[in-house]
Number of protein chains: 2
Amino acid sequence: MPAAELDAIDMKILTLMQKDASLTTAELAEKVGISQSPCWRRIQRLQGEGYIKGQVVIVDREKLGFHMQIFAQVKMARLSDEERQTFFRGVENIPEILECYTVFGEMDILMKVVAPDVKWYQQFIFSSLMKLPGVQDIRSIVTLSEAKHTTAVPLKPRQFQ
Amino acid sequence: MPAAELDAIDMKILTLMQKDASLTTAELAEKVGISQSPCWRRIQRLQGEGYIKGQVVIVDREKLGFHMQIFAQVKMARLSDEERQTFFRGVENIPEILECYTVFGEMDILMKVVAPDVKWYQQFIFSSLMKLPGVQDIRSIVTLSEAKHTTAVPLKPRQFQ
DNA sequence: TATGAAAAGATAATCCC
DNA sequence: GGGATTATCTTTTCATA
C-alpha cells in the first residue's frame, strides 16, 4: 500500500515538528487550523507511513568541548567484501564520525567529524581513522564557521520555471 | 555562572535522548537508575544550561523525493560586508541547503544540499546558487550512499594515550 | 469516512521529605 | 535523590455530520 501524498496541513505539521518536536498536539492543531483529534491522527499517520522517522534532542557540541568540525575525504584501497564490512562497522563505532558517505570523484569517502581541537584531530587520524582497513590517504577540510545547520528537509521539490 | 560538568547519569540521559527523545521521563529514569523526579530535574537543568538545544522530528527525505545529497564547494569573490550578508541571508532562505560552512583551503564555502535528481540540481545551481552574490565557481561532490548519519554528538572528548 | 467533544489513561510538573 | 500529589497532555471512545 503506497503512502498517500501529503496535503498542505500535513506539510505544516511536519514543518513545525521539524523545528520543534516539543509542541503539544493541541498547540500544533491550533497553529495549523484544525482541532486536536484530527491533528493527533495525522501525526500518527505520518509516523506510521514513515515520513517521521524519529524524534531526537539536539545537543550543543560546543558546550561539550567539540569546537571543530572537519570534513575528511578518504582515498581507499581496493577492499574485499569482508574488509569493507570491517571498515563501515568501524565508522559506525567511532562516535566522532557523525556522517559518512561514499562519493563520486577523486576521493572515495567523505565523512563529517567533530573534534575538540587540532591536536586531538591529528591524534584521531592516526589512532582511529588510519586503523580502519584500506585507508590510503586523508584530505581534511576544516570548517571555520557554521553559517547554517538544520535537520529540517524541504517537504516538496521546488519547480524551476 | 559557569555550567557544572556533566556526571555519568547526565551523560546517560543525553545519550538516550539523542537517540530517542520520545522516551518518557519515567522510562529514562529507569534506564539510568534513578527515579522520576530527579530525572525530570536533570532534564530541565540540561535544557536550562543549554546542553539540550531543542527537540526535533527527523523526517525521511527519501520519502519526500529528495534522493540526492551533494556537497557543494563554492569559490567566492571578495565581497563587501553588505554583499556577504546578502549571501548568507540567501543561504538561510534556500531550504535545500541544510548546512553551510566557511572553510579553509582552495574553496571558501562548503554546503550540504539535498535534491530530487541531477537535472533538478543543475537547475538549482543556475537558478538559486549562482544568483547569490559573489559565487565564482562551484565544485560538487555527489554522494553515492550514506553509510552513517547521526545527529548524536559524543559527550566527552576521548583521550588517546 | 472524517470530525469534534469529552472521558480515560498516561505523563509531566510540583511539593514535601 | 525519592515518594506522593496535582496539573497537563495524550489517547481512546463515541456521537455526529
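First the proteins, then the strands, lettered A, B, ... as listed; each starts at 1.
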Is it true that atom [atom1] of [X] has more than 12 heavy atoms of other residues, nucleotides or ligands lying nearer than 6.0 Å?
X: F104(A); atom1: CZ; answer: no
X: E30(B); atom1: CD; answer: no
X: K148(B); atom1: NZ; answer: yes

For [X], answer base if it contacts any base atom (sugar-phosphate contacts may also be present), sugar-phosphate if it contacts only those atoms, and nothing otherwise; contact means non-hydrogen atoms under 4.0 Å.
X: R42(B); answer: sugar-phosphate
X: T25(A); answer: sugar-phosphate
X: S37(A); answer: base
X: Q36(B); answer: base

Minimum-distance nucleotide to S35(A) side chain [options: dG2(D), dC9(D), dG4(C)]: dG4(C)
In whole angstroms, how far is the [atom2] atom of [N] from the [atom1] atom of [X]?
X: R41(B); N: dT11(C); atom1: CZ; atom2: P; result: 19 Å
X: Q55(B); N: dA12(C); atom1: CD; atom2: C1'; result: 13 Å
X: Q47(B); N: dA12(C); atom1: CD; atom2: P; result: 12 Å
X: D10(A); N: dA2(C); atom1: CG; atom2: C1'; result: 14 Å
X: L28(B); N: dA13(C); atom1: CG; atom2: C1'; result: 15 Å
X: E30(B); N: dG3(D); atom1: CD; atom2: P; result: 13 Å
X: L23(A); N: dT10(D); atom1: CG; atom2: P; result: 10 Å
X: I43(A); N: dT10(D); atom1: CD1; atom2: C1'; result: 10 Å

K112(B) side chain near K112(A) side chain, heavy-atom distance below 4.5 Å: no
dA12(C) phosphate, OP1 or OP2, under 4.0 Å from W40(B) side-chain N/O: no
ILVMFWY network linking I34(A) to I43(A), side-chain heavy atoms under 4.5 angstrom: yes
